[in-house]
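What follows is a short report on a single structure.
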Amino acid sequence: RNTEKFSKILLSSFFNSVTVLIVFAVFGTSMFGVVTVPFLLSVIGVIYGNITAYLYSEFALKGIAFNAVIFLPSVTVFLIVLLLASKEAVNFSLKISSLTFSKSGLYNLTLEFKKFLFSFLLFISAALVSSIIDAVISCSFIKYFQL
């Protein structure tokens with residue numbers, strides 16, 4: 001990222017974030033979202049934890065500083081967005097599951113689905129904010145770290 005332009009960092013970060021959110025939304029619209037969304041969230045948490053541990057163990061004080069200045073600000077925003085998105089996806093998946101296994105009859109999920117899609121649009125806009133933070137911080141401060 002030392003030599004990359006602001007726009008390339010922004011687009012790369014944004015498309016990575018949106019891809020994960022789309023996967024959460026797709027699984028949230030199925031019965032399997034109850035199981036897969038928490039699993040995927042755990043995998044993402046492990047990946048970010050491993051990146052942080054690698055920075056700490058490999059680069060010592062520089063790794064801690066890099067983590068605090070470059071890595072954590074945008075990742076924190078994105079992980080909060082992911083937690084909220086996973087909650088929405090699991091809740092909608094539970095509604096679909098309860099409708100599938102219910103013996104009480106039909107229930108129209110149109111209004112809930114519109115709310116679900118609107119909330120994911122909000123999550124995508126929050127992911128854009130996270131990507132902007134990532135691009136600004138990377139372009140401004142990464143030149144001070146030679147890892």
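Since we're looking at a predicted model, the values are computed, not measured.
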Assess whether side chain to side chain contact (heavy atoms under 4.5 Å, CB included) is satisfied between L99 and K95, documenting all intermediate values. CA-CA 6 Å; L99 183 65; K95 287 179 185 176; over 6 Å; no
Counting C-beta onward and ignoring hydrogens, is there a side-chain heavy-atom pair between [X] and [Y] closer than 4.5 Å?
{"X": "L109", "Y": "F116", "value": "no"}
{"X": "V20", "Y": "F78", "value": "yes"}
{"X": "V43", "Y": "F39", "value": "yes"}
{"X": "L84", "Y": "E88", "value": "no"}
{"X": "I142", "Y": "F66", "value": "yes"}

Test item: [X] side-chain N/O and [Y] main-chain N/O as donor-acceptor pair under 3.5 Å:
{"X": "S140", "Y": "V136", "answer": "yes"}
{"X": "S12", "Y": "I9", "answer": "no"}
{"X": "S93", "Y": "A89", "answer": "no"}
{"X": "S13", "Y": "L10", "answer": "no"}
{"X": "S130", "Y": "S74", "answer": "yes"}

If Ile, Leu, Val, Met, Phe, Trp and Tyr residues are connected whenever their side-chain heavy atoms lie under 4.5 Å apart, and connections chain through other members, are [X] and [Y] in the same group?
{"X": "F120", "Y": "L122", "value": "no"}
{"X": "F32", "Y": "I44", "value": "no"}
{"X": "I47", "Y": "F27", "value": "yes"}
{"X": "V75", "Y": "I51", "value": "yes"}

Which pair of heavy atoms, one from V77 and one from A126, lies closest together, and at what distance?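 Nearest pair, atom of V77 first, then A126: CG1-O, 4.2 Å.
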Does atom OH of Y56 have more than 12 heavy-atom neighbours from other groups under 6.0 Å away?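 Yes, because the 6.0 Å sphere around OH of Y56 holds more than 12 heavy atoms from other groups.
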Taking atom CZ as the centre, does F6 end up with more than 12 heavy-atom neighbours from other residues, nucleotides or ligands that are less than 6.0 angstrom away?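 Atom CZ in F6 is packed in, count exceeds 12.
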Passing option when L41 is tested against T36, L83, L79, V90 for side-chain contact (heavy atoms from CB on, under 4.5 Å):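 For L41, the side-chain contact (heavy atoms from CB on, under 4.5 Å) check succeeds only for L83.
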side-chain contact (heavy atoms from CB on, under 4.5 Å) partner of F123, the single match among L128, V81, L82, V18: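 Looking at L128, V81, L82, V18, the match for F123 under the side-chain contact (heavy atoms from CB on, under 4.5 Å) is V81.
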